[in-house]
Amino acid sequence: MKVRQPMKQFPSWQASMNRLPKSAPLLLPIRGGGLVNSDKIAVLRDLPAADQAALAKEIDVFSLNRGDYCFRSGDAANVFYILIEGRCKIFNFTSDAREQILYIYTAGDFIGGLNLLKDHKYLYTGQAVENCLVAAISKDSFMKYCYHQEAILRLIIDKCYDRIRWAENLISCLVSNSADAKVASVLLRLSESYGEQTPKGMVLRLTISREEMGSYAGLARETMSRKLNQFSDEGLIEFVGPKSICILDVERLKKMI
């Protein structure tokens, strides 16, 4: 088994590629040990077989524990990150040094699509809110294998469109003077990242704190906790665990926004 040399962008990465028969799935080594199926990395599925195998050898797959940073504001945006497992919050800081969460990304989401096409730096920070598995593709590898693939560029454009609409809704929420509207909006947004439909309602099995919920909504932690208790008393939600909330009436929440 041939041992690959560390990639320049990721000096701590060392792994060997398994030589598998063509009928077997393409497995990528995880930094520190283990393997992951390449089917979990969307951009690989849109490449010709030869390019899939070639790019797979250049992808760095690594784990993040809750609280670990994937990247920080000011870092060079020269890596295309794909979230394979877990959730990651994307945030920056307001002028008064408060954390403002912009997105919570889940498995299948990518970071750095448009930044990669320009020599930009990240304006925000990515931090794991639970244990994550991340694939990293260097800018050189992306430009070599992905840049000329129409399906991949369309995927990036579609995602960027969704994020622009998401950001527009977030701005509308943040400028609202109504704390009720902000809490209703953040619950509905979180349902897209954490929601699990049950006979009783939409259950959010959260891995973020009340303080982080508040920073997502532009509210202090105390206000978020008070409003959640109010929503529970009004029959809009029900607390079903230490960090789990069941949305009982989605339509009433939508009408509050």
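- Counting non-hydrogen atoms of other residues, nucleotides and ligands closer than 6.0 Å to OH of Tyr147 gives a total of 12 or fewer.
- Counting heavy atoms from C-beta on, the side chains of Ile30 and Ser63 come closer than 4.5 Å.
- Residues Leu102 and Phe91 fail the side-chain proximity criterion, which asks for heavy atoms closer than 4.5 Å.
- Here Val240 is tied into one hydrophobic group with Val203, each link being a pair of ILVMFWY side chains closer than 4.5 Å.
- For Arg87, the salt bridge (charged side-chain N to carboxylate O under 4.0 Å, His left out) test picks out Glu130, with sequence neighbours left out.
- Both the sub-6.0 Å distance and the 45° axial angle are not jointly satisfied by Arg221 relative to the ring of Tyr216.
- Taking Arg98 as the reference, Asp96 meet the salt bridge (charged side-chain N to carboxylate O under 4.0 Å, His left out) condition, with sequence neighbours excluded.
- A salt bridge links Lys40 with Glu85: at least one charged nitrogen is closer than 4.0 Å to a carboxylate oxygen.
- One distance of note links OG of Ser138 with CD of Glu58; it measures 6.5 Å at 0.5 Å rounding.
- Looking at residues two or more places apart in sequence or on another chain, you find no salt bridge (charged side-chain N to carboxylate O under 4.0 Å, His left out) involving Arg226.
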Task: side chain to side chain contact (heavy atoms under 4.5 Å, CB included) between Val61 and Leu133, intermediate numbers included - done: CA-CA 7 Å; Val61 181; Leu133 190 63; 3.8 Å; yes

Open item on the list: Show, in sequence, the C-alpha distance, side-chain angles and deciding distance for Leu83 and Cys132, and conclude whether the side chain to side chain contact (heavy atoms under 4.5 Å, CB included) test is met.
Closed with: CA-CA 7 Å; Leu83 196 55; Cys132 295; 4.0 Å; yes

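- Here side-chain hydrogen bond (donor to acceptor under 3.5 Å, both in side chains) pairs that include residues 231-251, with residues two or more places apart or in two chains, are Lys200-Glu238, Gln230-Glu234.
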Open item on the list: I'd like to know whether Val134 forms a side chain to side chain contact (heavy atoms under 4.5 Å, CB included) with Ile82, so could you lay out the CA-CA distance, the side-chain angles of the two residues, the decisive distance to 0.1 Å, and finally the verdict.
Closed with: CA-CA 6 Å; Val134 181; Ile82 303 167; over 6 Å; no

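- A cation-pi geometry, defined here as NZ or CZ lying under 6.0 Å from the six-membered ring centre and within 45° of its normal, does not hold between Lys139 and Phe142.
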Which atom pairs, one a donor and one an acceptor, fall under 3.5 Å between side chains of residues 148-159 and the rest of the protein, sequence neighbours left out?
from	atom 1	to	atom 2	distance (Å)
Glu150	OE2	Arg154	NH2	2.5
Lys159	NZ	Asp109	OD1	2.7

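- Residues Phe80 and Ile111 are not in side-chain contact: their nearest non-hydrogen atoms beyond the backbone lie 4.5 Å or more apart.
- A donor-acceptor contact closer than 3.5 angstrom is absent between the side chains of Tyr103 and Ser193.
- Under 4.0 Å is where a charged nitrogen must lie from a carboxylate oxygen, and between Lys227 and Asp180 at least one such pair does.
- Atom CZ of Phe231 sits about 3.5 Å away from atom CE of Met256, to the nearest 0.5 Å.
- In terms of heavy-atom proximity, Ile84 sits nearest to Ala107 at O-CB, 3.3 Å.
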